Amino acid sequence: MRLKNKIAIVTGAGSGFGEGIAKRFAEEGCKIVVNDINVNGGERVAGEINAAGGKAAFFKADVSKDVDWKAMLKFALESFSGLNIVVNNAGTTHRNQPLLNVTEDQFDRVYAVNVKSLFHSARNIVPHFRQKGGGAFITVASTAGVRPRPGLVWYNSSKGAAIVASRSMAVELAPDKIRVNVVNPVAGDTPLLAEFMGGDTPELRAKFVATIPLGRFSKPLDIANACLYLASDEAEFITGACIEVDGGRCV
């Protein structure tokens, strides 16, 4: 049990990568705060974890809001009496389209969820981690922040910002024994795939898969296993790392 006696918040855990991360962590003994703005998805995932013998509780929160982070930390401490790990997985995108077609509201939402959420996460969680003598943050960013795709300019830039912010945090927080690492997935067969591709057709799927040397989209379990390693004590000397879980796309 690689995460026995650990407690984690996993944001955006009502579907996709977040669901995979929450369930994989629970299999390894971690107690999970399942966060999402989608109540049905979040409650389903928490219920499935509990039904499988794990321990999870759902908390609805918008990760772009400071007040919601305060409430989520309080919920974790009241529900499980602690917090060791935060997986900043929640993310959003604008549809694949020319950069000038993206509205200001769409831009603001992308940056609020993908970047500002890290600001609120740090402001609320770092003091707790410092008090308890350490902790681990994992940012689920994207290969788009390393090797951008056309049509996703503002999404790409938000993920690049998330990567740099996370690595900067790693340097500053290392003396506090707070580790901060990044996992960069390639596109996965998740609810956001159609937005990334600008539609969902066999032709668009084939075009995207052709850019991935191992020849498939990522799966939630691929991302979950990378996050599991970074959250575990096996990675106690790793901080500021970026792991591309991308089938070789960024090589």
Side-chain angles (χ1 to χ4, degrees), residues 1-13 17-18 21-22 24-26 28-35 59 61 63-91 113-142 145 158-184 223-245:
M1 302 291 276
R2 295 162 74 184
L3 298 182
K4 185 178 180 180
N5 299 321
K6 305 281 189 182
I7 301 133
I9 291 172
V10 181
T11 70
F17 295 151
I21 293 164
R24 186 73 184 92
F25 278 25
E28 292 291 339
C30 193
K31 299 173 185 176
I32 309 293
V33 174
V34 174
N35 159 254
F59 189 80
V63 295
S64 70
K65 298 184 182 302
D66 182 73
V67 65
D68 284 19
W69 271 103
K70 284 184 171 62
M72 187 154 52
L73 173 60
K74 183 171 185 267
F75 179 81
L77 298 179
E78 290 177 348
S79 299
F80 298 123
S81 301
L83 182 66
N84 309 96
I85 304 156
V86 172
V87 182
N88 283 303
N89 165 77
V113 176
N114 295 354
V115 184
K116 195 173 184 180
S117 63
L118 303 181
F119 172 78
H120 291 312
S121 171
R123 282 170 57 85
N124 286 281
I125 306 301
V126 167
H128 169 72
F129 281 170
R130 280 177 169 158
Q131 183 179 31
K132 69 183 295 296
F137 288 100
I138 300 168
T139 301
V140 179
S142 173
S158 74
K159 289 303 187 177
I163 292 167
V164 172
S166 298
R167 299 189 78 186
S168 299
M169 285 172 57
V171 174
E172 182 166 326
L173 298 177
D176 300 304
K177 307 302 180 187
I178 299 172
R179 299 187 298 108
V180 188
N181 290 294
V182 181
V183 172
N184 291 322
I223 313 311
N225 282 331
C227 290
L228 172 62
Y229 169 65
L230 292 173
S232 74
D233 291 340
E234 298 163 21
E236 67 175 356
F237 197 58
I238 296 177
T239 195
C242 290
I243 298 179
E244 276 72 55
V245 185

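Because the structure is predicted, anything quoted here is derived from the model rather than measured.
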Measure the shortest side-chain to side-chain distance between Phe129 and Val86 over non-hydrogen atoms and say whether it is less than 4.5 angstrom. yes

With sequence neighbours excluded, residues passing side chain to side chain contact (heavy atoms under 4.5 Å, CB included) with Asp66: Lys70, His120, Arg123, Asn124

Let me confirm one number: the CD1-CG distance from Ile125 to Leu118, rounded to the nearest 0.5 Å. 12.0 Å

Is a side-chain N or O of Asn84 found less than 3.5 angstrom from the main chain of Gly135, in a donor-acceptor match? no

Only counting residues at least two apart or in another chain, list the ones meeting salt bridge (charged side-chain N to carboxylate O under 4.0 Å, His left out) with Glu172. none

Nearest-0.5 Å distance that lies between atom CD1 in Ile138 and atom CD1 in Ile223: 12.0 Å

With sequence neighbours left out, which residue pairs that include part of residues 125-140 fulfil the salt bridge (Lys or Arg N to Asp or Glu O under 4.0 Å) condition? Arg130-Asp176

Just by modelled atom types, is the Ser142 backbone N or O under 3.5 Å from a matching donor or acceptor in the Asn184 side chain? yes

Just verifying a value: how many Å separate Phe17 CZ and Cys227 SG, rounded to the nearest 0.5 Å? 10.0 Å

Under 3.5 Å, side chain of Asn89 to main-chain N/O of Gly12, donor-acceptor pair present? yes

Applying side chain to side chain contact (heavy atoms under 4.5 Å, CB included) to Leu228 and Leu3, what does each step give before you reach the verdict? CA-CA 8 Å; Leu228 172 62; Leu3 298 182; 3.6 Å; yes

Mind checking salt bridge (charged side-chain N to carboxylate O under 4.0 Å, His left out) for Lys177 and listing every partner two or more places apart, or none if nothing turns up? none

Check for a donor-acceptor pair, side chain of Ser232 on one end and backbone N or O of Tyr229 on the other, with a separation under 3.5 Å. yes

So do Ile21 and Phe25 actually touch side chain to side chain, heavy atoms under 4.5 Å? yes

Kindly write out the residues that satisfy side chain to side chain contact (heavy atoms under 4.5 Å, CB included) with Ser64, not counting sequence neighbours, or none if the list is empty. Asp62, Arg109, Ala112

Nearest non-hydrogen partners of Ala141 and Val182, listed with the distance: CB-CG1, 3.8 Å

What distance do Met1 atom CE and Cys30 atom SG have between them, rounded to the nearest 0.5 Å? 10.0 Å

Measuring from atom CG of Leu73 to atom OG of Ser121, what distance do you get when rounded to the nearest 0.5 angstrom? 9.5 Å

Using 0.5 Å steps for rounding, measure from the OG atom of Ser79 to the CD1 atom of Ile32. 12.5 Å

For the pair Ile7 and Ile85, evaluate side chain to side chain contact (heavy atoms under 4.5 Å, CB included) and give the outcome as yes or no after the intermediate values. CA-CA 6 Å; Ile7 301 133; Ile85 304 156; over 6 Å; no

Residue pairs, two or more places apart or on separate chains, that pass salt bridge (Lys or Arg N to Asp or Glu O under 4.0 Å) and touch residues 71-82: Lys74-Glu78

With sequence neighbours excluded, what pairs up with Glu28 under the salt bridge (charged side-chain N to carboxylate O under 4.0 Å, His left out) test? Arg24

Using the side chain to side chain contact (heavy atoms under 4.5 Å, CB included) criterion, which residues pair with Ala61? Sequence neighbours excluded. Asn35, Phe59, Asp68, Met72

Closest non-hydrogen atom pair, Glu236 against Arg179: O-CD, 3.4 Å

Mind checking side-chain hydrogen bond (donor to acceptor under 3.5 Å, both in side chains) for Asp233 and listing every partner two or more places apart, or none if nothing turns up? Lys6

Who are the side-chain hydrogen bond (donor to acceptor under 3.5 Å, both in side chains) partners of Asn181, not counting sequence neighbours? none

Would you check if the side chain of Thr11 reaches a backbone N or O of Ala90 as a donor-acceptor pair within less than 3.5 Å? yes

Any side-chain heavy-atom pair of Ile238 and Leu230 under 4.5 Å: yes

Would you please name every residue forming a salt bridge (charged side-chain N to carboxylate O under 4.0 Å, His left out) with Lys159, sequence neighbours left out? none

Please list, chain by chain and in numerical order, all residues satisfying ring-ring contact (aromatic ring centres under 6.0 Å, His included) with Phe80, sequence neighbours excluded. none

